[in-house]
Engineer: 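Take a look at the following structure, please.
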Amino acid sequence: MSTITRFAPSPTGMLHIGGARTALFTILYARHTGGKALLRIDDTDRERSTEAAVQAIFEGLDWLGLKFDGEPIFQHLRLSRHVEVAEQLLASGKAYRCYATAEELEEMRKAAARRGLPPRYDGRWRDRDPSEAPEGAPFVIRLKTPRTGSTIIPDRVHSTITFANSDLDDFVLLRGDGSPTYMHSTVVDDIDMGVTHIIRGDDHMTNAARQAQIYDALGVARPVYAHIPLIHGPDGQKLSKRHGAVGIGEYRDQGFLPEAVVSYLMGLGWASGLEHPTMETAAPAFDLSHLGKSPARLDADALVSANFHFMKHAEDARLAELILPHLGRAPDDPAKALLTAAMPGLKERAKTVPHLAETAAFYLAPRPIPLEEAAHAVLTEEALTRVRAVFEALQGHADWSHDALAALVKAQAKALDVPFVKLGQPLRAALTGRTNSPGVAEVMALLGREESLGRLADALSA
Ligand code: GLU
């Protein structure tokens, strides 16, 4: 039987880092086993689900390049099926109508609280005949769960988890208004979608016990469960806003590349042993049994180092396009060609997209270019006499290729009898306004003759 996994986010907010990791692991496991990964939007809660959140989830997944098989399934469109299955359970005696009133339930809650227990339904309608209910009284449908023994959930991450059935009450499948509960709709959909493996956060672990009981009542084989420990902040505490970026969109806005974020997410809970894993290298290696049992911690340094790596390997034109907006230019600005050509010299050192933009800005700066303070300090009177010598030599020089320019500057340093850096640094300062940049011959070759000479002249006349 081929594997079917699913990612089933509730569209009540953005796609956060935990959800993205679940999505990623469901896809990796499906790819690893040659199966399918499905996407379901758990939007039965019509009050809390929003169209904006659905779009945010799609956009987040799309940006990360996480592709599911087939079209997404919208849970709320399957309402009649949820009702049908609840009625089927009712007809087979595995579920029953409960007419307990809000006041009665409140009393049960209080009684449980007095004994320090979680709210629990006492099963008062479990064996009663519905004919005892007042005429037309509203009811919910509850599952007739086993009263004794235990529900055992083998889990691929946490080993086996055992729940005492006495701790699990007869929970609601269908509410008074006919709407299904999360517990019920999830199981009905997972069955209909043919889901074989449920990979999700371990905050759903108790749900697994209840959901397993629905499978049992329906006589359907339970899926394999793999509950992944949640992601914690660097301080080991549960994730919250205080920990900074937790929404996937924030990572994009901070200038991380999607493949770097994906690679970083793989490291959260999975000790892959792979150096900078990608979807291609990870899928063959991924297995549920490799996932850690304790919460992973966010690690900003690991993300930056992943980004550093993937920036270096990204295509020049793509990076040029990404930095244009940071430089105040439109994505189709003609400067893209210059930035693309300049990229090999820039991308080796950049941590993020804005950082890359910052290091590239001098190429587009209009003359006279601004000088950073340190660059200003380099341009002493003595240093400027060296710049002038090069400037003069360049004026009669036609070959503007990188190699010719490099040879010329080298020859000038020799003629001036100074170490290369004594000439290179002031030239760099004059040409870029900075104290670090790609080599001066590269910069001049890319800027072109007129612009390079203009910048040198500006420095000399300042
Ligand atoms: N919709 C649920 C959530 O977003 C997850 C459902 C499940 O994985 O069973 O928390």
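Keep in mind that this is a model prediction, so the values were computed, not measured. Counting starts at 1 for both ligands and their atoms, following the listed order. Counting from 1, the numbers follow the sequence of the chain as shown.
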Engineer: Once you round to the nearest 0.5 Å, how far does CZ of Phe310 lie from CG of Leu257?
Structural biologist: 9.0 Å
Engineer: Is the number of heavy atoms from other residues, nucleotides or ligands within 6.0 Å of CZ (Arg115) greater than 12?
Structural biologist: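 Counting neighbours around CZ of Arg115, 12 or fewer heavy atoms of other residues, nucleotides or ligands fall under 6.0 Å, so no.
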Engineer: Please check if atom NZ in Lys67 has more than 12 non-hydrogen atoms from other residues, nucleotides or ligands closer than 6.0 Å.
Structural biologist: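 Counting neighbours around NZ of Lys67, 12 or fewer heavy atoms of other residues, nucleotides or ligands fall under 6.0 Å, so no.
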Engineer: Name the residues with a heavy atom less than 4.0 Å from ligand 1?
Structural biologist: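 If the criterion is a heavy atom under 4.0 Å, then ligand 1 touches Arg6, Ala8, Pro9, Ser10, Asp42, Tyr182, Thr186, Arg200, His204.
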Engineer: Atom CG of Leu431 and atom CD of Glu451: how far apart are they, to the nearest 0.5 Å?
Structural biologist: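 One finds 9.5 Å between CG of Leu431 and CD of Glu451.
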Engineer: Does anything in residues 168-203 pair up under ring-ring contact (aromatic ring centres under 6.0 Å, His included), and if so which pairs, sequence neighbours excluded?
Structural biologist: Tyr29-His197, Tyr182-His204
Engineer: Tell me, yes or no, whether the heavy-atom count around Glu132 atom CD, taken from other residues, nucleotides or ligands under 6.0 Å, exceeds 12.
Structural biologist: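 Atom CD in Glu132 is packed in, count exceeds 12.
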